[in-house]
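Quick note: numbers below take in every heavy atom, side chains included, and nothing from hydrogens, waters or symmetry partners.
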Amino acid sequence: MAKNTPKAIRGTQDIFGSDAEAFSHVVETFERVRKLYRFRRAEMPVFEKTEVFARAIGETTDVVSKEMYSFEDRGGESLTLRPEFTAGIARAYLTNGWQQHAPLKLATHGPLFRYERPQKGRYRQFHQIDAEIIGAAEPQADVELLAMADQLLRELGISGVTLQLNTLGDGETRGAWRAALIEYFSKVRGDLSEDSQERLEKNPLRILDSKDRRDKMFLADAPKIDEFLSDEAGIFFEEVKSGLDAAGVEYKRAESLVRGLDYYRHTAFEFIPDEGSAAADALGAQSTVLGGGRYDGLMESLGGPATPAVGWAAGIERLAMLVDLEKAQGNDHWVVAVVPVGDAAYIEAQKIASELRSNSIICEMAFRGNVKKRMQKAAAAGARFSLIIGEDELANGVVTVRDMATGEQATMRRNWIPQGVFDLFFENDAAKEQGDEVAPLSERLRANS
RNA sequence: GCGAUCGUAGUUCAGUUGGUUAGAACGCCGGCUUGUGAUGCCGGAGGUCGCGGGUUCGAGUCCCGUCGAUCGCCCCA
């Protein structure tokens, strides 16, 4: 290790190789799916006045005091690297007059920052994809948002993950339920874990997802949100559920799924790995794959008009851990390596490489070392065919085609590139689809040799 | 913020109760061989053992501190 080289910041990561490919695949899939639902792309600054996040999240929580990356700029203003997308999007919505586009479907992705202790699937700089529908009070917005999330996970090939769905009701419902929970847990206060005794003061809803055995025995008999649900809130939830049924989105009611912050109303949801699934093993204690809810109270906390909104976010790194890269790279096999032999052949090889790439064929040029090294490079690049060009080929106006799977070789007329290469791949794929054997290479190239 | 485990070539690791010159595999570079990879042979480079201090005749090994990693707790917007 280089002694004098600065190290990366704690909790940051350099992503490379198959991890980087999986990461990129998640983002590309998100971009494709969000367009299907006509969510519009937005880019926001990665930092804002600290106030934006402090007011959105609520000054009281230690989230603000301890877990944000805040600093003073040269003018003495407190700035914060964004710990989430929603507050910045809300600020942008209000300051840019995006009300005129309401209901506005927005999608974005990028880095976020939280000053936390790193652990499995949890970093100080991490990355999320994010989707929001702003200015829509209708349950249909929740359904559309969830349908997109569900389709995204399916297209990523992620299985063993279930949508956990709950309602927090409207403001009235939430207040009554909260009061009932405080009353219930206060009676058994002395038997709760130390952490939960503290939660009773600061954040009573959170007792419901305590991991402590001492708390768990009281959870079954705790007051249920349904007992306090107002008629309006009950109807809203029913409409979300029937909409999800119609959209073919499977879900499970999760009565104890809560949100700590007061501005959350109605729908709250998380996609969580099923117990014992491969996904659960892969993610450790950080199990939520995608989560969100309706935050009808947020805009007002930033000084805007009451504006209903619903959204979700998902960690790209976590999704990337669950992606099956083999499947993800299904179309990446049209790879060719061009292998020049001798200096004279290099110029012609470079022309060939350019022609192939211009025609969307993935091409690696092996230009270093002896022929053996170049063939090794070709194989390492995953080439299905190598195009070898040396003095003989130059003289005869051909290239030598090598099938890297079978070792067969035959010549192809130089001026048949790139069409001839395209044909080889096309025939291979067609044969594979039909379950047929392909003819020997020499036969396939006879007409063009 | 708290707890546990761990830091040795580029990577994954071995390294005996503290003992001479710290090893292997893979990777990398070169040669056999600029005309053949997946599947040959030969050679080479690369480490102040995370960093600092201590104990000792002697520390990769033991002790303290520190930084980092991993896993969990708290928190989770």
Side-chain angles (χ1 to χ4, degrees), chain A residues 1-13 16-17 52-58 60-68 80 82-88 90 112-123 126 128 130 193-196 198-199 202-203 206 209-212 258-264 268 270 283-288 291-293 295 298 301 311-313 315 337 339-346 366-393 400-409:
Chain A
M1 197 181 302
K3 188 179 166 190
N4 199 20
T5 304
K7 279 186 275 188
I9 305 293
R10 168 177 230 168
T12 64
Q13 40 177 349
F16 177 69
V52 170
F53 304 111
R55 283 171 63 177
I57 291 164
T60 54
T61 61
D62 51 343
V63 164
V64 171
S65 52
K66 294 202 311 221
E67 292 167 22
M68 297 201 311
T80 295
R82 64 183 180 197
E84 59 159 14
F85 281 113
T86 309
L112 301 171
F113 305 84
R114 296 181 186 179
Y115 199 87
E116 294 180 297
R117 193 72 175 265
Q119 56 180 284
K120 189 168 193 171
R122 191 173 192 181
Y123 298 92
F126 58 103
Q128 287 188 341
D130 182 278
S193 67
E194 297 76 17
D195 285 331
S196 283
E198 212 169 307
R199 291 186 184 113
K202 295 203 294 199
N203 204 346
R206 280 284 167 203
D209 46 31
S210 170
K211 292 169 189 167
D212 196 295
V258 295
R259 290 282 110 96
L261 304 183
D262 285 339
Y263 59 65
Y264 280 102
E270 293 179 6
L283 292 179
Q286 308 303 320
S287 57
T288 298
Y295 51 93
L298 173 61
S301 69
W312 57 250
V339 180
V341 179
D343 293 337
Y346 167 73
F367 52 77
R368 173 183 283 187
N370 56 30
V371 173
K372 179 191 172 82
K373 288 288 185 326
R374 293 175 191 214
M375 293 307 293
Q376 282 175 348
K377 177 93 171 169
R384 271 168 72 181
F385 299 100
S386 290
L387 305 185
I388 300 160
I389 177 161
E391 282 177 36
D392 296 349
E393 286 84 356
T400 297
V401 179
R402 180 180 179 87
D403 184 320
M404 298 300 277
T406 65
E408 295 171 277
Q409 290 191 182

[X] [atom1] to [N] [atom2], straight-line distance once rounded to whole Å:
X      : N      : atom1 : atom2 : answer
A:I389 : B:rU34 : CD1   : P     : 20 Å
A:E408 : B:rG37 : CD    : P     : 17 Å
A:R259 : B:rA77 : CZ    : C1'   : 9 Å
A:K211 : B:rG72 : NZ    : C1'   : 8 Å
A:F385 : B:rA38 : CZ    : C1'   : 16 Å
A:D209 : B:rC76 : CG    : P     : 9 Å

Given B:rA77, B:rU36, B:rG72, which nucleotide is nearest the side-chain atoms of A:K120?
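Output: B:rG72.
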Taking the side chain of A:R199 as heavy atoms from C-beta outward, which of B:rC74, B:rU36, B:rU34 is closest to it?
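Nearest to the side-chain atoms of A:R199, counting from C-beta on, is B:rC74.
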Rounded at 0.5 Å granularity, tell me how far NZ in A:K377 sits from CZ in A:R368.
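Those atoms lie 7.5 Å apart.
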Less than 3.5 Å between a donor and an acceptor, one on the side chain of [X] and one on the base of [N], is that the case here?
X      : N      : result
A:E393 : B:rG35 : yes
A:R374 : B:rU34 : yes
A:R122 : B:rC75 : yes
A:Q376 : B:rU36 : no

Take atom [atom1] in [N] and the same atom in [M], then report the distance between them in whole Å.
N      : M      : atom1 : answer
B:rC71 : B:rG31 : P     : 43 Å
B:rA69 : B:rC32 : C1'   : 44 Å
B:rA14 : B:rA9  : P     : 12 Å
B:rG50 : B:rU8  : C1'   : 10 Å
B:rG10 : B:rG27 : C1'   : 7 Å
B:rA45 : B:rC26 : C1'   : 16 Å
B:rG53 : B:rG60 : P     : 14 Å
B:rC64 : B:rC28 : C1'   : 39 Å

What contact category does [X] fall into here, base, sugar-phosphate, or nothing, at under 4.0 angstrom with non-hydrogen atoms?
X      : value
A:G369 : base
A:A87  : nothing
A:T400 : base
A:R368 : sugar-phosphate

Who does B:rU33 pair with, Watson-Crick or G-U, both distances under 3.5 Å?
none
Any strand, both distances under 3.5 Å, Watson-Crick or G-U wobble: B:rU39 pairs with none
Which residue lies more 5' along RNA chain B, comparing A:A380 with A:Y115 via nearest heavy atoms
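Result: A:Y115.
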Tell me, do A:E84 and A:R114 make a side-chain contact under 4.5 Å, heavy atoms counted?
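They are in contact (side-chain heavy atoms under 4.5 Å apart), so the answer is yes.
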Can you find a heavy atom in the side chain of A:T400 that is under 4.5 Å from one in the side chain of A:I389?
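Side-chain contact under 4.5 Å: no.
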Is the shortest side-chain N to carboxylate O distance from A:R259 to A:E270 below 4.0 Å?
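Yes.
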Using a cut-off of strictly less than 4.0 Å, decide whether [X] has a side-chain nitrogen or oxygen near OP1 or OP2 of [N].
X      : N      : value
A:N203 : B:rC75 : no
A:K372 : B:rG35 : no
A:R402 : B:rU36 : no
A:Q119 : B:rC71 : no
A:R206 : B:rC76 : yes

For A:D212, check side chain to side chain donor-acceptor pair (under 3.5 Å) against everything at least two apart and list the hits.
A:R214
